Amino acid sequence: MKKTVILLVCATLIGGCTPRSEAERFADNLLKKMTLREKLGQMSQFAPSTGVVTGPDGDPIDVYAMIKAGEIGSVLNLKTPQEIEHMQRIAVDSSRLGIPILFGHDIIHGCKIIFPINLASACSWNLDAVRKSASIAAYEASAMGIAWTFSPMCDVSADPRWGRVSEGAGEDPYLTAKMSAAMVEGYQGASLADSSTILSCVKHFAAYGAPEAGRDYNTVDMSERMFRDRYLPPYKAAIESGAATVMTSFNDFDAIPASGNDWLLKTLLRDELGFDGFVVSDYRAIEEMMAHGTAADMNEAAGTALNANLDMDMVSGAYLAYGEALVEEGIVSEKEIESMCRNILIAKYKLGLFDDPFRYGGADRFDKSIYKEENLESAREVARESMVLLKNDSGLLPLDSGERIALIGPFVSSPRAMLGSWTAFRDFDRTVTVDMGFKSRFPGRVSVAKGCDAFDDIEGGIADAVRAADKADVAVLVLGLPGELSGEAASMTSVELPDCQKKLLSAVRQTGKPVIVLLATGRPMALESVIDDIDALLLVWHPGTMGGHAIADLVSGDFSPSGHLAMSFPRCDGQIPVRYNYKNTGRPADGVGLRSTNSRKIYQSCYLFTPNAPLYPFGYGLSYTEFSFDSLEVLTPEVALGESVRIRARVSNVGNREGAAVAQLYMRDLVASTTRPVRELKGFEKLFLKKGESRFVEFVLTPDDMAFCRKDMEFAQEPGEFKVWIGDSSDAALEGVFVVK
């Protein structure tokens, strides 16, 4: 017994404070055999579309020769299982140590089967559905040979001018945190040893969703307090769910580019959040430190990134080009290089690549794994749940009485409008468009007229649309923005409906026929100028491979809409950014007149001619049935610091058919050491209710839910009085109060 205890103590002392894992021991043994250049090679990622890429000096690099030399640790953006297998074979059979390559790709909202864009999926408020969609994406990607995705995007944003809102979960930190964690769990599963799971990547660290003027890659300037309260929670939640990797953002943070930011990558990410995976830069982000003006040349940029403990360089080639000299000059320590390389080797070990470098991919596995019927059905279900019914005057929807339908608009037959951005492995011929879905569900009842292009008139297009509407009982217009106008580098100064589409809508409206608009978009749009011309408005987003069928499922009434907004819809461009969780000012915008000029009142914190409130608020969504909320009860009206609060309310289906409600809990800290939002989402539950059914929902507010970045910069609770609301949007009226003593 004494001998056993002594051996355990020795093992503990040799490994540090805790015994080393099998993966750590394996990585340490391998590191002893590696040259400095091989270590830097593992920390370098390239993206060859052929066998040749460009290095940091602009000269071509022979990727295959580098693989043989053990100088490439990761490759991204390969398109076929055959390419991946070929490169892996070279790495394993021809390099000195046979270290397998880690293959990555942007599997953002699906691989072959495309699911709704991430912002749409967040509108489902269904964590199980989001988790399952990520799992299916991992299943198909791993069959191709991909073992790493650059997802989820955990960036909170309230600015629809920024194109990448399509890739996130909207304006709220709580909802984004829940969605981000669910995606990590879906991609990585119960164990990375399962060859149908892949590494997730938390991005973009940090605060990438708050660029000035909504311009992608732009400067981000905010206080640390704002960052901790509003932007940090989703990154933290994803890391706590076990995310294996993190990607740095393009922007600066506190005037230092994220890829060379010691505070972000060391103090916050490693020391405070306890992240133990590896960090990769965004595409060429290391060399972009020169453009930011914080590095004079690539050598200095590489040294800054290495000293900030940025483990992997995506594409720039800076580590391989300058890493050895930086170590020789004493600017970077080889011990730090080893620590960073070790993180990457451990990830490869956890994936099982050292046991079987070909456990991911293979042509036979790929052919058998894609487009499975049950997975296509899951995509259809998620698409249905992601769509949001925003308006339905006189119960125009659903169309279930044999109406003749004029299907009109630039996106009626567009597969790209169904898919959106970030769809590298899409198949347009497998995509169900709106007209395909309608003709399948409403055979013999559908006529089609394009009317206009997305931004341009078509000669005779409006006349054709008017004729089609005249012959129909109802006009269904598919309007919005093209799928390629969302995502990266897709910033816009206006999110209004394009003029040609406004003209088309107005012309069809003048026929006197009921008008339904299906809005296909990757971002919230400003619709106040056209909303009076629309009788029913169904927000379909870019719904994915099965989008056309999912839309027809809802329009027909086979299913009832159940989506709720994850991002507010502004009335006009001038309101942007608009969010529900704003803070009160000293002169609240509640109609208090400050002075009069020519009999016109002017209000501080108010616009002159436009309300402050959005057209459609966060959390909003209609159904084909109606729900009521009542009997709110704070079960623990007084608690001590450190204790949880329990609140419940009754939700009833008081309409004429079954449907799903989304019960949402909001909280306000009435007096605190720092200014607090007027409302914050702190819980939600999606529940299916039959006609006439009622059910109580109960929420538990934990001390962490009530914590915030206090005046002393500690993230913790404070005592005081709190209000809570439960309802089906951020405008919920059912109210309660509790006190923390």
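The model shown is predicted, which means the values in this text are computed figures rather than measured ones. Values below: every heavy atom of this structure, side chains too, minus hydrogens, waters and symmetry copies.
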- Give a yes or no on whether the backbone of G73 and the side-chain of K348 come within a donor-acceptor separation of less than 3.5 Å. yes
- Message: Ignoring hydrogens, what is the shortest heavy-atom contact between M387 and I551? Give both atom names and the distance.
- Response: CE-CG1, 3.4 Å
- Message: Between F559 and Y624, is the ring centroid distance below 6.0 Å?
- Response: no
- Message: I want to check something: taking the side chain as every heavy atom from C-beta on, are L351 and L199 in contact at a cut-off of under 4.5 Å?
- Response: yes
- Verify the ring-centre separation between Y360 and F103: is it less than 6.0 angstrom? no
- Cation-pi check, K79 to F425: give yes when NZ or CZ is under 6.0 Å from the six-membered ring centre and within 45° of the ring axis, no otherwise. yes
- To the nearest 0.5 Å, what is the distance between OG (S729) and OH (Y616)? 13.0 Å
- If you take all heavy atoms of A138 and Y187, which pair is closest and at what distance? CB-O, 3.7 Å
- Item | Within the 6.0 Å centroid threshold, strictly below: W162 and Y217 | no
- Item | G209 backbone acceptor or donor facing S157 side chain under 3.5 Å | yes
- Message: Would K203 pass as a cation-pi partner of W422, given that its NZ or CZ must be under 6.0 Å from the six-membered ring centre and within 45 degrees of the axis?
- Response: yes
- Query: Are any of the side-chain heavy atoms of L477 and V412 separated by less than 4.5 Å?
  - Reply: no
- Query: Crowded around K682 NZ? As in, over 12 foreign heavy atoms under 6.0 Å?
  - Reply: yes
- Task: Could you tell me which non-hydrogen atom of P48 sits nearest to which non-hydrogen atom of L78, and how far apart they are?
- Result: O-CD2, 3.4 Å
- Looking just at side-chain N and O atoms, do N251 and S249 make a donor-acceptor pair shorter than 3.5 Å? yes
- Message: Quick check: F438 with F442 (ring centres under 6.0 Å apart)?
- Response: yes
- Query: For T149 and D106, what are the C-alpha separation, side-chain angles and deciding distance, and is it a side-chain contact (heavy atoms from CB on, under 4.5 Å)?
  - Reply: CA-CA 5 Å; T149 179; D106 287 297; over 6 Å; no
- Using a distance-only test with no angle check, is there a side-chain donor-acceptor pair under 3.5 angstrom linking D435 and S413? yes
- Between V156 and P234, what is the shortest heavy-atom contact and its length? CG2-CG, 3.7 Å
- Item | Sole residue of L119, N118, L127 in side-chain contact (heavy atoms from CB on, under 4.5 Å) with M179 | L127
- Would you check, one step at a time, whether the test salt bridge (charged side-chain N to carboxylate O under 4.0 Å, His left out) holds for D558 with R441? CA-CA 10 Å; D558 292 341; R441 179 60 183 81; 2.7 Å; yes
- Item | Which atom of Q575 lies closest to which atom of P614, heavy atoms considered | OE1-CA, 4.0 Å
- Query: Do L269 and I239 have side chains that get closer than 4.5 Å, going by heavy atoms?
  - Reply: yes
- For S440 and G437, indicate whether the former's side chain and the latter's backbone hold a donor-acceptor pair under 3.5 Å. no
- Message: Would you say NZ of K350 has more than 12 non-hydrogen atoms from neighbouring residues, nucleotides or ligands within 6.0 angstrom?
- Response: no
- Within 45° cone of Y371 ring axis and under 6.0 Å: R430 NZ or CZ: yes
- OG of S560 to CZ of F688: how many Å apart, nearest 0.5 Å? 9.0 Å
- Side chain to side chain, L519 and L538, heavy atoms closer than 4.5 Å: no
- When you check the gap from the basic side-chain N to the acidic O, do E240 and K236 get nearer than 4.0 Å? yes
- Query: Under 3.5 Å, is there a donor-acceptor pair linking the side chains of D282 and Y208?
  - Reply: no
- Message: Could you tell me if S369 and E140 have a donor-acceptor pair between their side chains, going purely by distance under 3.5 Å?
- Response: no
- Short N-O contact, D155 and R164, less than 4.0 angstrom: no
- Query: Salt bridge check: are E377 and K372 linked by an N-O gap of less than 4.0 Å?
  - Reply: no
- Query: Is it true that R131 and E185 make a salt bridge, defined as a side-chain N closer than 4.0 Å to a carboxylate O?
  - Reply: yes
- Straight-line distance of H542 NE2 to S166 OG, nearest 0.5 Å: 7.5 Å
- How about R416 and T423: does a side-chain donor come under 3.5 Å of a side-chain acceptor? no
- Task: Say whether D313 and S316, considering side chains only, have a donor N or O and an acceptor N or O under 3.5 Å apart.
- Result: yes
- Message: When you compare the side chain of Y174 with that of E680, does any pair of heavy atoms fall below 4.5 Å?
- Response: no
- Item | From R523 atom CZ to F569 atom CZ, the distance as rounded to the nearest 0.5 Å | 11.0 Å
- Query: Under a 4.5 Å cut-off applied to non-hydrogen side-chain atoms, are F150 and M247 in contact?
  - Reply: yes
- Message: Main chain of A489, side chain of D216: is a donor-acceptor contact present, judged purely on distance under 3.5 Å?
- Response: yes
- Message: Nearest 0.5 Å, please: how far is CG in L232 from CG in L273?
- Response: 5.5 Å
- Task: For side-chain contact (heavy atoms from CB on, under 4.5 Å), just list the numbers for L390 and L565, CA-CA rounded to whole Å, side-chain angles, deciding distance to a tenth of an Å, and then say yes or no.
- Result: CA-CA 9 Å; L390 296 175; L565 291 179; 4.0 Å; yes
- Task: Evaluate whether atom NZ of K391 has more than 12 neighbouring non-hydrogen atoms of other residues, nucleotides or ligands under 6.0 angstrom away.
- Result: yes
- Item | Under 3.5 Å side-chain donor-acceptor pair for S74 and W148 | no
- Kindly indicate whether the side chain of L175, heavy atoms from C-beta on, has any atom under 4.5 Å from the side chain of W125. yes
- Going through the checks in order, is the ring pair (Phe, Tyr, Trp, His ring centres under 6.0 Å) test met by F253 and F205? CA-CA 10 Å; F253 185 89; F205 199 73; 8.4 Å; no
- Message: What I want to check is whether the side chains of N126 and E385 have a donor and an acceptor closer together than 3.5 Å.
- Response: yes
- Query: Less than 4.0 Å between a side-chain N and a carboxylate O, is that true for R579 and D172?
  - Reply: no
- Task: Please confirm whether the backbone N or O of A120 pairs with a side-chain atom of S386, one donor and one acceptor, at under 3.5 Å?
- Result: yes
- Rounded distance [0.5 Å steps], CG in L539 versus CG in L389: 10.0 Å
- Message: Can a side-chain donor-acceptor contact be found between S568 and E171 if the only test is distance below 3.5 angstrom?
- Response: yes
- Side chain to side chain, S414 and V478, heavy atoms closer than 4.5 Å: no
- Message: Is it the case that the side chain of S378 and the backbone of E374 share a donor-acceptor pair, with hydrogens and angles ignored and the cut-off at 3.5 Å?
- Response: yes
- For L192 and A244, which heavy atoms make the closest approach, and how far apart are they? CD1-CB, 4.5 Å
